Amino acid sequence: MTHARRHGGFRVCLIHGKNLPMSAIRHALSTKREDDFAAWYQEVIASADMAEESGVRGCMVIKPWGYGIWERMQRLLDDRIKAAGVQNAYFPLFIPLKNFEREAEHVDGFAKEMAVVTHHRLIADGEGGLIPDPEAKLEEPLVVRPTSETIIGDAMSRWIQSWRDLPLRLNQWANVVRWEMRTRMFLRTSEFLWQEGHSAHASAQEAKDETMMALEMYRAFAEEDVALPVVAGEKPENERFPGAVETWSIEAMMQDGKALQAGTSHYLGTNFAHAANIKYQNREGRETLAHTVSWGVSTRMVGGLIMTHGDDDGLRVPPALAPFQVVILPMLREKPEDEALLEYCEGLRAAIAGQSALGETVRVLLDTRPGKAAAKRWDWVRKGAPIIIEVGGRDMEGGVVSLLRRDRLWNMDTGKPAFQNPDRDLCAQSVPTILADMQNGLLTQARERRDANIRRDVTDMDALAAHFSRDRKYPGWVEVQWAKPTGDALEKVVEQLKELRLTLRNVPMHAPPADGTCIFTGEQAVERVFVARAY
RNA sequence: CGGGGAGUGGCGCAGCCUGGUAGCGCAUCUGUUUUGGGAACAGAGGGUCGCAGGUUCGAAUCCUGUCUCCCCGACCA
């Protein structure tokens, strides 16, 4: 009985958030989350004008609104990276094939998904087409980078001679290519945009500290900027980055209960230093291998934002990331009185632009494109602009405006948009408060939803299988206790989970110590680990 | 890569089985009337039917190949 009730509770909690009178409301999207989450996700992207298919396998065109959100992420994360003392640099797109041959695990991990450049010229095929010129075959093929450990390692080996050269801490913003079997916009594309941090250190401890520094930076970025509650923890051995000694991640719960790995930080030990010959003379004059670290966050974070904050009316962009936080829509009539209205709106725009919210100048757009305000309103609702302000002649006469908060879109009594009508000047002053409240509210809402959908009382495999049975639409996550098996024993566990379409996510950092038995082996448990379906 | 589905104006689809001048809805443009709120009416523009071959007097339609997208798996920092 508890089960049935919980199940019902989960569905309401995961998708609706609140019990709205759904039937009375005409939503801005045609697909609801609870009806078809995957179709809903794609409709949000299309109707918010974020991205579209390109015709090139697995590659997308990121449109201004989607790219604007990514640029905001870049800005805020880059500020954090620089504040941590890491410097930006740029390394080549092409990596010599032989670089990958030096680290066995690394090549195993990536060989199956690499794009390779083999020719440097095209010639006519005699039938109106072009083919790679057989005469222009490269001596050594070039790999389009799937990640840059090996080429940055080359540079590090040249730049590091002495212990005085350490630590060397770099970051690059770049695109990478991984020839994935199955792609989904933003979540897994053949080409994606990211930042990759790379550092070399004198000691294992210092390198591990850097690994944790990056992980904590990601946690703060996710929660404070993206309003994405995450669990930071260590990945189990089988989920490690190829060639890493330790892989840490931040994991977020999407509204369908699946887990999304939203950022990773790897302690690479001396594996890559050995492969790339990153050595230095220590204070005693002895040649020593450096310890290296890498960490990355990608455009996948945009997908996580959509699946965390989107609703049945489209996207909701957290104010910190919104390219425009406030959009003003004058109700233009193509008549002489438009001029006075525009002047009134311009006054509002200037007043809002003079405000500062979340530590930055408020980003406000006065949308004067021709068209009806009501039609444009729904465009901005679907795009997820935090505050939409409509202004008509009657507002102007009364010295007020019509303000709509994207996080409180509907008046649940009337089933209509929940407009407020503040005084124009008070409205401008209240914008920073509203934006801060919304940023905070989105995080709180997502965190409560996540916490309500984590179970910690599952102690045997039958109960686990029941919890994740096929008729459970959105089962969320389960935190289990385990004996941390390794090698073949771990493989067996992974196989068991695979049959349930489940994966091990991570071992949360701040969990209470284990006090039970291992759900997989029955031995004394040593720690807790999250089990979930994953993207 | 395995199984399933689909590519036809910007978007969503019908037509294909049974070959014979390319259609519908939304969107767009123009005009009129409206308009405190996701307008109505009238008219108009826009497609070599994913691409390449083949069969045929004639191909969106039949055949072969190929590319792309979606779903389920497998795969996946």
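Keep in mind it's a predicted model, so treat the numbers as computed, not measured. To find a chain, count down the sequence lines: A is the first, B the second, and so on, and within it residues start at 1.
A donor-acceptor contact closer than 3.5 angstrom links the side chains of A/His201 and A/Ser199. In summary, the side chains of A/Asn175 and A/Glu191 do present a donor paired with an acceptor at a separation below 3.5 Å, with no hydrogens or angles considered.
Mapping A/Trp194 and A/Arg501 onto RNA chain B by nearest heavy atom places A/Arg501 closer to the 5' end of the strand. For the pair A/Ala39 and A/Phe192, both in contact range of RNA chain B, the more 5′-proximal nearest nucleotide belongs to A/Ala39.
Within the 6.0 Å centre-distance limit, the rings of A/His27 and A/Trp410 are counted as a close aromatic pair.
Within 4.0 Å of A/Ser402, counting heavy atoms only, lies at least one base atom of the nucleic acid. Across all strands shown, A/Gly392 has heavy atoms under 4.0 Å from base atoms, whether or not it also approaches the sugar-phosphate. As judged by a 4.0 angstrom heavy-atom cut-off over every strand, A/Ser298 is placed among residues making no nucleic acid contact. A/Gly393 comes within contact range of at least one nucleobase, with a heavy-atom separation under 4.0 Å. Heavy atoms of A/Gly58 sit under 4.0 angstrom from primed sugar atoms or phosphate atoms, though from no base atom. Among the protein residues, A/Lys235 comes within range of no part of the nucleic acid, since none of its heavy atoms lies under 4.0 Å from any strand.
Contacts of residues 209-222 of chain A with RNA chain B (heavy atom under 4.0 Å): none.
Only the P atoms considered, B/C16 is 30 Å distant from B/C72, to the nearest whole Å. The gap from the P atom of B/C75 to that of B/A60 amounts to 43 Å, rounded to the nearest Å. Comparing B/G12 with B/C71, their P atoms sit 14 Å apart, to the nearest whole Å. For the C1' atom pair drawn from B/G19 and B/C49, the interatomic distance equals 14 Å after rounding to whole Å. Here, B/C63 and B/C11 have their P atoms 27 Å apart, quoted to the whole Å. Nucleotides B/A6 and B/G58 have their P atoms positioned 29 Å apart, rounded to a whole Å. Here the separation of B/U56 from B/U64, taken at their C1' atoms, is 16 Å to the nearest Å. Atom P of B/C69 sits at a distance of 31 Å from the matching atom of B/C29, rounded to the whole Å.
We find that A/Asp311 and A/Arg33 are not joined by a salt bridge, their nearest charged nitrogen and carboxylate oxygen being 4.0 Å or further apart. Between A/Asp49 and A/Arg382 there is no salt bridge, since no side-chain N of the basic residue sits under 4.0 Å from a carboxylate O of the acidic one.
Between B/C76 and A/Arg188, no contact under 4.0 Å exists linking OP1 or OP2 to a side-chain N or O. Applying the 4.0 Å criterion to OP1 and OP2 of B/C75, one finds that A/Lys498 has a side-chain N or O inside that range.
With sequence neighbours excluded, the residues forming a salt bridge (Lys or Arg N to Asp or Glu O under 4.0 Å) with A/Arg377 are A/Glu390, listed by chain and number. Taking the salt bridge (Lys or Arg N to Asp or Glu O under 4.0 Å) definition, one finds that A/Glu495 meets it with A/Lys498, sequence neighbours left out. Under the rule for a salt bridge (Lys or Arg N to Asp or Glu O under 4.0 Å), the partners of A/Glu52 that lie at least two apart in sequence or sit in another chain are A/Lys63.
For the pair A/Arg533 and A/Phe468, the cation does not sit on the ring face, since its NZ or CZ is not both under 6.0 Å from the ring centre and inside 45° of the axis.
For A/Arg184, taking side-chain heavy atoms from C-beta onward, the closest of the listed nucleotides B/U68, B/C71, B/G38 is B/C71. The A/Glu53 side chain lies nearest to B/C69 when the options are B/C69, B/C76, B/C71. Among B/C71, B/C76, B/C75, the nucleotide with an atom closest to any side-chain atom of A/Met181 is B/C75. Taking the side chain of A/Thr183 as heavy atoms from C-beta on, and the options B/C75, B/C72, B/C70, the nearest nucleotide is B/C70. Considering only side-chain atoms of A/Trp378, the nucleotide from B/C69, B/G38, B/C75 that sits closest is B/G38. Closest to the side chain of A/Arg382, out of B/U35, B/C76, B/G38, is B/G38.
Where pairing requires Watson-Crick or G-U contacts shorter than 3.5 Å, the helical stems of RNA chain B with at least three consecutive pairs are B:1-7 with B:67-73, B:10-13 with B:23-26, B:28-33 with B:39-44, B:50-54 with B:62-66.
Computed from coordinates, the A/Arg182 CZ to B/C71 P distance equals 6 Å when rounded to whole Å. Put simply, NZ on A/Lys335 is 8 Å from C1' on B/U35, counting in whole angstrom units. Across the protein-nucleic acid pair, A/Phe241 atom CZ and B/C76 atom C1' stand 13 Å apart, rounded to whole Å. We find that CH2 of A/Trp410 is positioned 11 Å from P of B/G38, with the value rounded to whole Å. Straight-line distance from the CZ atom of A/Arg533 to the P atom of B/C76: 18 Å, rounded to whole Å. In this structure, the CZ atom of A/Phe419 is 10 Å from the P atom of B/G38, given to the nearest Å. Counting to the nearest Å, the P atom of B/C71 and the CG atom of A/Leu187 are 10 Å from each other. In this entry the distance linking CZ of A/Phe186 with P of B/C76 reads 25 Å, nearest Å.
Note: A/Phe241 and A/His266 have parallel aromatic rings, judged against thresholds of 30 and 60 degrees for the angle between ring planes. Ring pair A/His106/A/Phe272 is perpendicular by interplanar angle, where above 60° counts as perpendicular and below 30° as parallel.
Judged as a salt bridge (charged side-chain N to carboxylate O under 4.0 Å, His left out), not a single pair has a partner in residues 260-274 of chain A (not counting sequence neighbours).
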